[in-house]
2 protein chains.
Amino acid sequence: MIIVLNMKRRLTPQREAILELIGSSDRHWDAESIAKMLARKGRAIGLATVYRGLAVLEEEGLIHAIQLTDGKKRYERAGKEHHDHFICKLCGSITEFSHPAEARILEHLSRETGAVVHGHEFVVFGVCASCREAS
Amino acid sequence: MIIVLNMKRRLTPQREAILELIGSSDRHWDAESIAKMLARKGRAIGLATVYRGLAVLEEEGLIHAIQLTDGKKRYERAGKEHHDHFICKLCGSITEFSHPAEARILEHLSRETGAVVHGHEFVVFGVCASCREAS
DNA sequence: GTCACTGCAAAAAGTTTGCACCCGC
DNA sequence: GCGGGTGCAAACTTTTTGCAGTGAC
């Protein structure tokens, strides 16, 4: 069940379906997977609408975008505490992690350079434990 | 002047031109900028050849690829000590930085999860000092 | 009735691939 | 002369845009 207040833009049925999908899982969704999954659930939405919906939902802070090392943008539910991503090169799985030292790095950067930091993305790649065992 | 030994693939004049361009600057080049710059220098190379050349040079470890938050891949000269990137949202400038705590984060991740870390990318975005002053 | 939203199809932007030709070894 | 390299054009992938139609308020 989703309750959203104070949106500048409308929460249409399509956008609600997208939000529901992303918000109720811990997956990292790309636009096409969303369109396909909704279609499979009998709730097909035009791909362009998915892209536009994702942009709106992100603007509203209801979902969070990440850019991994492949071309495509992924979206995850907002409201998690900040975290980074580890991607397994073999199975493609995405694991989240975080470390307190990260905040200190950003503070240090800001203090040294005078820049204002708005956001960051820390993507680590390698081979996950289960793929390592399997090989 | 470039001296390269022990390449598995050939260092053709085209590849040498690309390597020379990237290797002699501290810029972060995308494929099209390379093609345009070489053309401007009277050394035009087909865009597909640039892409293929970049892939070969990266395989050989002669250049280093980074994926920022926009779609395109950038390349920088190899052999620098490891560093991360700060991108100014306003002027698009890319600044390099590094912090010793980063290594500790990766060690910690590896120890906790059992994953093998091959690489990582830490991209920070915000507004750089000079854009901040200018506005 | 207006204005935002949708869906389709077309266009962009970045990258890859197919193919004929060419060149170095 | 073989295998790798080049250049062009065509294909592909992800994302954006134009536009006519639709529906909410």
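The sequence lines fix the lettering, A, B, ..., with proteins before strands; numbering per chain opens at 1.
One N or O on the side chain of A:Arg15 and one on the backbone of A:Arg10 form a donor-acceptor pair closer than 3.5 Å.
A:Glu107 and B:His99 form no side-chain donor-acceptor contact under 3.5 Å, judged by distance and modelled atom types alone.
Going from atom CH2 of A:Trp29 over to atom C1' of D:dT14 covers 18 Å, rounded to whole Å. The CG-C1' distance, from B:Leu54 to D:dT6, rounds to 15 Å in whole Å. As a whole-Å value, the separation of A:Glu16 CD from C:dT6 P is 12 Å. Between A:Leu11 atom CG and C:dA4 atom P the separation is 17 Å, expressed in whole Å. Look at CE on B:Met7: it is 12 Å from C1' on D:dG5, rounded to the nearest Å. In this structure, B:Arg15 places its CZ atom 11 Å from P of D:dG4, rounding to the nearest Å.
Dashed line: the shortest gap from a side-chain N or O of B:Thr12 to OP1 or OP2 of D:dG5 is not under 4.0 Å. Listed pair A:Arg9 / C:dA4 fails the phosphate criterion, with no side-chain N or O lying under 4.0 Å from OP1 or OP2.
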In 5'-to-3' order, the base (B), backbone-only (S) or no-contact (-) status of each nucleotide in nucleotides 11-25 of chain C, using a 4.0 angstrom heavy-atom cut-off, is ---SBBBB-----S-
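Criterion: ILVMFWY side-chain heavy atoms under 4.5 Å apart, direct or through other members. Under it, A:Leu19 and A:Leu38 are part of a common hydrophobic cluster.
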Criterion side chain to side chain contact (heavy atoms under 4.5 Å, CB included) on B:Arg43 and B:Gln14, from CA distance to verdict = CA-CA 8 Å; B:Arg43 185 73 198 76; B:Gln14 286 88 336; 4.1 Å; yes
May I have the step-by-step check of salt bridge (Lys or Arg N to Asp or Glu O under 4.0 Å) for B:Glu96 and B:Lys80, ending in yes or no?
-> CA-CA 11 Å; B:Glu96 300 174 356; B:Lys80 302 185 185 187; 2.8 Å; yes
Less than 3.5 Å apart, which donor and acceptor atoms pair up between the side chains of residues 115-130 of chain A and the rest of the protein, not counting sequence neighbours?
| unit_1 | atom_1 | unit_2 | atom_2 | d |
| --- | --- | --- | --- | --- |
| A:His118 | ND1 | B:Lys89 | NZ | 3.1 |
| A:His120 | NE2 | A:His82 | NE2 | 3.0 |
| A:His120 | NE2 | A:Glu102 | OE2 | 2.5 |
| A:Glu121 | OE2 | A:Gln67 | N | 2.7 |

